[in-house]
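Letters go in sequence order (proteins before strands), and every chain restarts at 1. Because the structure is predicted, anything quoted here is derived from the model rather than measured.
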Amino acid sequence: MRLYSTLSRRLEELPEPPGPIRMYVCGPTVYQRAHIGNARPFVVAMWLRSWLRASGYEATLVHNITDVNDKIYAAAPGASAELAARATEWYLEDTGDLGLGLPDALPKATESIPAIIRFVEQLVERGYAYPAGGDVYFRVTRDPGYGRLSGQRPDQMAPDEDQSPLKEDPRDFALWKATKPGEDTSWESPWGRGRPGWHIECSVMAEEAFGPAFEIHGGGLDLVFPHHENELAQSRALGHDFARIWMHNGMVELGGEKMSKSLGNDVSLRNVLDTWGREVVLLFFLRAHWRRPIELTDETLAQAKAEVETFRNFFLDAEPGVEDGERILRSELAAVLDDDFNTPEALALFHSWRAREERSSLRYGLELFGLGSIAEPPQAPPEVAALAERRRDARAAKDFAEADRLRDELAAAGWEVRDIAAPPGYRLVPRT
RNA sequence: GGCGCCUUGGCCGAGUGGUUAGGCACGGGUCUGCAAAACCCGGUACGCCGGUUCGACUCCGGCAGGCGCCUCCA
């Protein structure tokens with residue numbers, strides 16, 4: 001299998017199964033409800049783990065929660081810890097409702113403070129970092145490879161308007177920040193009370209989970225610089241290889257612009273989930289390659305929904321008791337997924353399987369992406385089924401006025417009735 | 001100023017130096033009491049201008065437009 005890596009700017013071949021394949025994928029800063037864009041790296045990572053495991057790999061996924069950060073302090077002055085705890089619950093609840101299961105670990109920055117301090121101490125000892133006024137900064141000029149991930153050159157960077165006088169160089173970034181008035185969480189450190197900078201937590205948590213080298217590091221494209229560049233610099237400064245393959249997913253866009261909390265154009269995952277349902281959200285993501293941007297509109301969501309219904313109808317139309325054997329055309333799927341995890345091609349393949357009535361393969365493929373529910377027949381409650389039976393009998397008696405009235409009644413109850421030849425003579429499908 | 005990405009038929013969206021992507025929507029048809037679903041039929045599209053080539057949507061150069069990043073961001 002091969003995957004495109006931001007670091008090498010080319011497709012990288014994964015080792016043969018069983019691997020291991022260790023993935024660390026950056027999660028959100030928890031200060032409000034996650035938006036649909038936050039869901040993309042989660043979904044891509046869970047799908048990739050699913051496919052890797054199905055391919056015989058030992059795949060593990062660590063997904064961090066940033067629960068100490070300027071944003072959180074700003075959003076809840078004096079009560080940031082409570083907000084972070086609550087927003088973490090929201091995140092777990094909303095991503096959990098996608099029905100993809102849980103990552104293998106969900107470490108929080110605040111639970112790795114001692115390891116963060118040790119990491120920073122080592123950077124200081126090696127001359128890669130310096131304390132200043134209770135802060136500690138990474139000395140970017142000490143790292144000749146700085147910029148290797150993002151392609152940025154330190155001497156070409158835009159000058160920072162709002163520069164801390166404590167820094168030796170404007171490009172230096174904070175590893176540790178002295179606590180300030182109004183910040184309600186802080187920890188003792190060799191440099192006084194304070195809390196970690198943004199980037200250090202990920203180097204530390206990834207290495208705590210996997211050691212100094214691992215296979216895949218993921219996150220949104222907007223994290224390439226500075227976040228991931230700085231993680232790489234920190235870890236390389238200690239002589240660690242850190243991640244080999246860097247996967248950056250494209251942005252979810254609204255009106256042609258990146259969705260983000262700071263732009264105020266974000267749509268919560270909760271909202272989309274409640275309005276369209278989990279299957280539509282997943283199909284929506286499946287339709288675009290993971291590296292490409294994806295536009296969230298009513299039309300793109302409606303198209304995803306239409307595809308969900310097309311697949312659902314296929315399984316509904318299956319002859320009862322007839323299953324087309326156990327054949328699973330896994331190699332057809334591997335041909336596209338092993339090539340940079342091309343899910344739009346996989347989706348096209350699913351449509352082809354549908355047309356060819358490869359039921360077992362299609363069920364298998366959908367299950368890989370958390371969409372196995374599409375193949376499950378809906379169960380109408382007894383009172384709804386009773387209405388459908390009355391309508392069937394009215395039709396048999398040529399009382400079409402009554403039949404149409406009952407169809408309306410079923411619709412009002414949330415069910416669509418379709419006439420079929422096979423017993424019981426009708427099919428009930430939830431109206432969505 | 002620097003780094004990178006994108007531009008495919010009404011919409012979404014893969015892909016390839018020469019062969020139908022696929023889906024959604026739309027129109028026509030079959031089926032149906034009427035529907036719905038399903039199935040059949042219906043569009044050779046690749047921003048513009050050059051170049052390379054027997055041949056380019058695919059490679060190279062330029063231009064135009066759009067997007068992301070350059071220490072808040074998934």
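Contact annotation: N230(A) does not reach the phosphate of U71(B) (side-chain N/O to OP1 or OP2, under 4.0 Å).
Across all strands shown, C3(B) forms a Watson-Crick or G-U wobble pair with G68(B), both key distances being under 3.5 Å. When both distances must be under 3.5 Å, the Watson-Crick or G-U wobble mate of G9(B) does not exist.
Using a 4.0 Å heavy-atom criterion, one finds that T29(A) contacts the sugar-phosphate atoms exclusively. Contact annotation for H248(A): no contact, since no heavy-atom pair falls under 4.0 Å across all strands. Among the protein residues, R395(A) comes within range of the nucleic acid bases, having at least one heavy atom under 4.0 Å from a base atom. Nucleic acid contact for G27(A): sugar-phosphate only, since backbone atoms but no base atoms lie under 4.0 Å from a heavy atom of the residue.
Here the separation of G27(B) from G55(B), taken at their P atoms, is 43 Å to the nearest Å.
At a cut-off of 3.5 angstrom, the base of G15(B) holds no donor-acceptor pair with the side chain of N342(A). For C73(B), its base never sits under 3.5 Å from the side chain of K261(A) at any donor and acceptor pair.
Computed from coordinates, the F225(A) CZ to G68(B) P distance equals 18 Å when rounded to whole Å.
Of the candidate nucleotides C24(B), A35(B), A74(B), A35(B) has the atom nearest to the side chain of R418(A).
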